There are 2 protein chains.
Amino acid sequence: MKRDSKLSGILHVLLHMAEAKAPVTSEEMAKAMQTNPVVVRRIMAGLREAGFVRSGKGHGGGWTIARELSAITLRDIYVAVGSPELFAMGNRTESPGCIVEQAVNAALDGAFRDAETLLLDRFAEVTLADLSADFHARMLASGKTIDLGTIHAA
Amino acid sequence: MKRDSKLSGILHVLLHMAEAKAPVTSEEMAKAMQTNPVVVRRIMAGLREAGFVRSGKGHGGGWTIARELSAITLRDIYVAVGSPELFAMGNRTESPGCIVEQAVNAALDGAFRDAETLLLDRFAEVTLADLSADFHARMLASGKTIDLGTIHAA
DNA sequence: CATCATGTAACATATGAAGTTACATGAAAC
DNA sequence: GTTTCATGTAACTTCATATGTTACATGATG
């Protein structure tokens with residue numbers, strides 16, 4: 001299965017936006033993430049609807065973060081991008097007539113449900129401000145500075 | 001992403017094998033699971049190598065379980081089928097040069113690692129005997145009996 | 001009103017799980 | 001011993017879907 005990287009990608013972009021003073025365009029973000037502007041807009045659309053970012057058209061347009069970083073958790077973002085499937089495995093048949101398969105599904109479902117709860121709880125504990133702080137700590141430790149345009153230069 | 005159903009499928013088949021007195025052929029299993037005999041053999045191969053099942057060729061051949069059901073955990077089976085990827089999401093880039101992305105990956109990786117541990121621990125707690133007992137309880141509750149050939153009749 | 005940027009539909013590509021075909025190997029029945 | 005049945009496995013096809021791309025409409029700024 002191909003793994004979904006929406007969450008990873010959008011977090012990356014959001015932290016870069018947090019560093020920027022001015023709005024960041026889809027094109028700049030796309031270059032940074034080595035992907036396509038449309039892909040960026042597609043992912044950002046969910047965040048805009050949820051009110052976490054704003055977009056502006058025309059000259060000087062682009063994307064800006066609409067809330068305090070400390071008021072946005074990873075879980076918020078996960079939900080805003082559509083709560084994508086977390087697990088790569090599932091039941092062969094969701095509503096099996098076979099009683100054997102029902103027993104199998106029940107056992108697996110229980111474990112996966114608990115894991116999902118754990119994961120979402122963990123996501124809820126981490127804010128963008130936390131990630132930003134971690135990033136700044138890493139930057140200090142490495143002695144490097146960062147800039148969207150240069151670090152991701154094409 | 002298409003979800004992997006090897007684990008679910010193989011558990012189903014194993015429990016049916018546990019009910020059968022004689023060896024079960026790949027073809028019978030495939031019919032029961034509405035799939036192809038080769039797919040079944042492919043999955044079972046891992047279990048055979050791990051020593052959980054035996055296969056026999058020719059007349060009267062087929063598959064049998066080689067151990068006590070209580071000595072086989074879901075985790076054993078998960079590992080035997082190749083420890084398939086558990087999660088449907090991953091990092092956009094595994095070894096990013098960008099420090100921002102490193103911070104993002106670190107946060108996500110931590111959560112996913114914990115969820116994986118939880119999941120595998122849960123798998124390790126459940127044996128095939130447990131699943132079989134659950135199945136028998138369900139069968140009693142429903143008043144139905146079960147038979148590989150009839151319940152899954154083509 | 002020319003330019004820039006988003007919004008979005010429609011289509012293309014790539015990846016990987018699952019399904020299929022084909023044939024070799026080996027065991028049991030006769 | 002040869003026919004039949006079943007596994008073993010490589011090679012190929014199909015299918016789902018995440019991601020990438022093209023094309024064009026909409027609206028804002030200078």
Side-chain angles (χ1 to χ4, degrees), chain A residues 1-10 12-13 17 20 22-49 53-64 66 81-94 154, chain B residues 1-10 12-13 17 20 22-49 53-64 66 81-94 154:
Chain A
M1 142 207 337
K2 199 169 193 177
R3 303 175 81 192
D4 183 326
S5 61
K6 273 199 282 295
L7 187 59
S8 162
I10 205 165
H12 182 191
V13 156
M17 282 170 61
V24 183
T25 66
S26 309
E27 187 145 12
E28 288 167 321
M29 292 195 249
K31 193 159 289 176
M33 303 184 53
Q34 305 185 74
T35 180
N36 192 290
V38 176
V39 174
V40 173
R41 291 187 201 124
R42 193 144 65 197
I43 302 177
M44 298 293 282
L47 285 192
R48 185 186 50 229
E49 281 159 31
V53 298
R54 267 191 290 269
S55 62
K57 292 182 171 181
H59 284 270
W63 302 82
T64 46
V81 296
S83 305
E85 181 58 48
L86 291 170
F87 300 106
M89 17 201 328
N91 294 322
R92 214 179 46 80
T93 306
E94 275 317 319
Chain B
M1 145 206 327
K2 197 169 194 178
R3 302 174 81 195
D4 183 325
S5 61
K6 273 199 283 294
L7 186 60
S8 162
I10 206 165
H12 182 191
V13 154
M17 282 171 59
V24 183
T25 66
S26 309
E27 187 145 12
E28 288 167 321
M29 292 194 249
K31 192 160 290 176
M33 303 184 52
Q34 305 185 75
T35 181
N36 192 289
V38 177
V39 175
V40 173
R41 289 186 204 125
R42 193 144 60 197
I43 303 176
M44 297 294 282
L47 285 191
R48 185 186 50 228
E49 280 158 32
V53 299
R54 266 191 290 269
S55 62
K57 292 181 173 182
H59 285 270
W63 301 83
T64 47
V81 298
S83 305
E85 180 57 49
L86 291 170
F87 300 106
M89 4 200 339
N91 294 324
R92 212 180 48 81
T93 305
E94 276 317 320

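On a predicted model such as this, the values are computed, not experimentally measured, just so you know. Residue numbers start from 1 in every chain, and the chains themselves are labelled A, B, ... in the order their sequence lines are given, proteins ahead of strands.
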When the distance from [atom1] of [X] to [atom2] of [N] is rounded to whole Å, what number comes out?
| X | N | atom1 | atom2 | result |
| --- | --- | --- | --- | --- |
| M29(A) | dC4(C) | CE | P | 18 Å |
| E85(B) | dA18(D) | CD | P | 15 Å |
| Q34(A) | dG20(D) | CD | C1' | 14 Å |
| R48(A) | dT26(D) | CZ | C1' | 13 Å |
| E27(A) | dG7(C) | CD | P | 15 Å |
| F87(A) | dT17(D) | CZ | C1' | 20 Å |
| L86(A) | dA18(D) | CG | P | 13 Å |
| M89(B) | dG16(C) | CE | P | 17 Å |

Show the nearest heavy-atom pair for residues [X] and [Y], with the distance to one decimal.
| X | Y | result |
| --- | --- | --- |
| L86(B) | M89(A) | CD2-SD, 3.7 Å |
| V13(B) | M33(B) | CG2-SD, 2.7 Å |
| G61(B) | P23(B) | O-CB, 3.7 Å |
| V24(B) | M29(B) | CG1-CG, 3.5 Å |
| G90(B) | S8(A) | O-CB, 3.7 Å |

Set of side chain to side chain contact (heavy atoms under 4.5 Å, CB included) partners for T25(A), sequence neighbours left out
E27(A), E28(A)
Between residues 54-63 of chain B and DNA chain C, which residues have a heavy-atom gap below 4.0 Å?
K57(B), G58(B), H59(B)
Interface with DNA chain C, restricted to residues 37-47 of chain A and to heavy atoms under 4.0 Å:
V38(A), R41(A), R42(A)
Determine all donor-acceptor pairs shorter than 3.5 Å in which one atom belongs to a side chain in residues 39-48 of chain A; sequence neighbours excluded.
unit_1, atom_1, unit_2, atom_2, d
R41(A), NE, S26(A), OG, 3.2

Establish, with yes or no, whether the OP1 or OP2 oxygen of [N] is under 4.0 angstrom from a side-chain nitrogen or oxygen of [X].
| X | N | answer |
| --- | --- | --- |
| T35(A) | dG20(D) | yes |
| S5(A) | dT19(D) | yes |
| S26(B) | dT7(D) | yes |

Could you say whether E49(B) or N36(A) is positioned toward the 5' end of DNA chain D, judged by the nucleotide with the nearest heavy atom to each?
E49(B)
